[in-house]
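Structure, as structure tokens:
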Amino acid sequence: MGPRTADNASKNEKATTGSCVGPAKPRLRSSSDGNIYTRRTVGSRSSSCSLTLSSPKSVLKRPVSTEELITPGGPYIKKTFTIVGDAVGWGFVVRGQQPCYIQAVEPFGPAAAAGMKVRQFVVSVNGLNVLDLDYRTVSHLILTGPKTVVMEVMEEMDH
């Protein structure tokens, strides 16, 4: 999953302005519900590039229950990430409800640098269990909390 420009946008995206220009790496920034993505430039040159993503499809291969995630000996392992937000955000999008999961990870963002991946299920945010919350509540916890967020996630083990 690399950075997208107006030239290689997926069928779910449409360019709203011209293509990105300059050597700076574009960064995606999403609203709290993850529906709107806009390009932000990290670097010395500014860019007038923005993209809109309309209701992205779920990245999950199949529905997963909270019980399945917490069952001892199940196919999931717990991982903990400490993600320090930058001027643009944390670099990931949360989706779903009971349990929430990581829908997207920005390739050049803080979450990717910490090791976060798409399809991981969010167990806790800053020590608070969020398995029974929806993505809007989880996003609100992250957005209104400290710049450094500690997240526990469950990831499916490779077979």
Side-chain angles (χ1 to χ4, degrees), residues 1-5 9-10 12-13 20 23-47 49-61 63-66 68-70 74-158:
M1 179 169 149
R4 292 183 177 155
T5 65
S10 75
N12 287 339
E13 294 180 341
C20 297
K25 296 175 182 165
R27 292 275 313 271
L28 292 173
R29 181 176 178 148
S30 66
S31 65
S32 62
D33 68 3
N35 276 334
I36 304 298
Y37 294 84
T38 57
R39 291 277 180 203
R40 299 292 174 114
T41 301
V42 176
S44 58
R45 288 181 135 171
S46 64
S47 173
C49 176
S50 66
L51 296 175
T52 302
L53 183 60
S54 306
S55 300
K57 292 182 180 179
S58 172
V59 295
L60 296 181
K61 296 175 183 174
V64 175
S65 69
T66 300
E68 185 177 350
L69 287 177
I70 61 174
Y76 295 91
I77 56 171
K78 188 180 283 189
K79 294 187 175 186
T80 303
F81 299 109
T82 300
I83 305 165
V84 180
D86 62 14
V88 181
W90 291 270
F92 65 93
V93 175
V94 173
R95 276 280 182 266
Q97 58 185 356
Q98 303 171 350
C100 293
Y101 58 90
I102 305 301
Q103 172 73 19
V105 177
E106 182 184 335
F108 301 108
M116 184 173 278
K117 298 176 187 174
V118 170
R119 290 190 288 278
Q120 291 174 326
F121 293 92
V122 183
V123 174
S124 71
V125 174
N126 295 327
L128 178 67
N129 184 312
V130 297
L131 282 171
D132 294 324
L133 302 178
D134 70 340
Y135 76 91
R136 290 180 195 267
T137 307
V138 173
S139 294
H140 181 75
L141 284 171
I142 295 165
L143 291 169
T144 59
K147 183 177 177 180
T148 299
V149 64
V150 178
M151 293 182 64
E152 286 186 328
V153 299
M154 296 295 274
E155 179 179 309
E156 192 166 17
M157 293 186 286
D158 294 329

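Residue indices begin at 1 and follow the sequence shown.
If you take CZ on Arg136 and CG on Leu141, they are separated by 14.5 Å, rounding to the nearest 0.5 Å. Atom CE of Met154 sits about 11.0 Å away from atom OG1 of Thr66, to the nearest 0.5 Å. With rounding to the nearest 0.5 Å, the separation of CD1 in Ile102 from CZ in Arg119 is 12.0 Å. Put simply, CD1 on Ile142 and CE on Met151 are 4.5 Å apart, with the number rounded to the nearest 0.5 Å. For the atom pair CG of Leu133 and NE2 of His140, the computed distance is 11.5 Å after rounding to the nearest 0.5 Å. Going from atom CE of Met116 over to atom CD of Glu155 covers 10.5 Å, rounded to the nearest 0.5 Å.
In terms of heavy-atom proximity, Gly89 sits nearest to Pro110 at O-CG, 3.7 Å. In terms of heavy-atom proximity, Gln103 sits nearest to Lys57 at NE2-O, 2.6 Å. A pairwise comparison of heavy atoms in Tyr101 and Ser58 identifies OH-OG, 3.1 Å as the closest pair. Residues Gly91 and Ala111 come closest through the heavy atom pair O-CB, 3.8 Å.
Applying the side-chain hydrogen bond (donor to acceptor under 3.5 Å, both in side chains) rule to Lys117 yields no partners; only residues at least two apart in sequence or on another chain are considered. Val84 pairs by the side chain to side chain contact (heavy atoms under 4.5 Å, CB included) definition with Lys147, Thr148, not counting sequence neighbours. With sequence neighbours excluded, the residues satisfying side chain to side chain contact (heavy atoms under 4.5 Å, CB included) with Glu68 are Arg62, Val64, Ser65, Tyr76.
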### Task
Test side-chain contact (heavy atoms from CB on, under 4.5 Å) on Tyr135 and Gln97 and set out the steps.
CA-CA 6 Å; Tyr135 76 91; Gln97 58 185 356; 5.7 Å; no

### Task
Report the C-alpha distance between Gln120 and Phe92 in whole Å, list the side-chain angles of each, state the deciding distance to 0.1 Å, and finish with yes or no for side-chain contact (heavy atoms from CB on, under 4.5 Å).
CA-CA 11 Å; Gln120 291 174 326; Phe92 65 93; over 6 Å; no

In residues 121-132, what donor-acceptor pairs under 3.5 Å come from side-chain atoms, sequence neighbours left out?
from   : atom 1 : to     : atom 2 : distance (Å)
Ser124 : OG     : Glu152 : OE1    : 3.1
Asn126 : OD1    : Val150 : N      : 2.8
Asn129 : OD1    : Leu131 : N      : 2.8

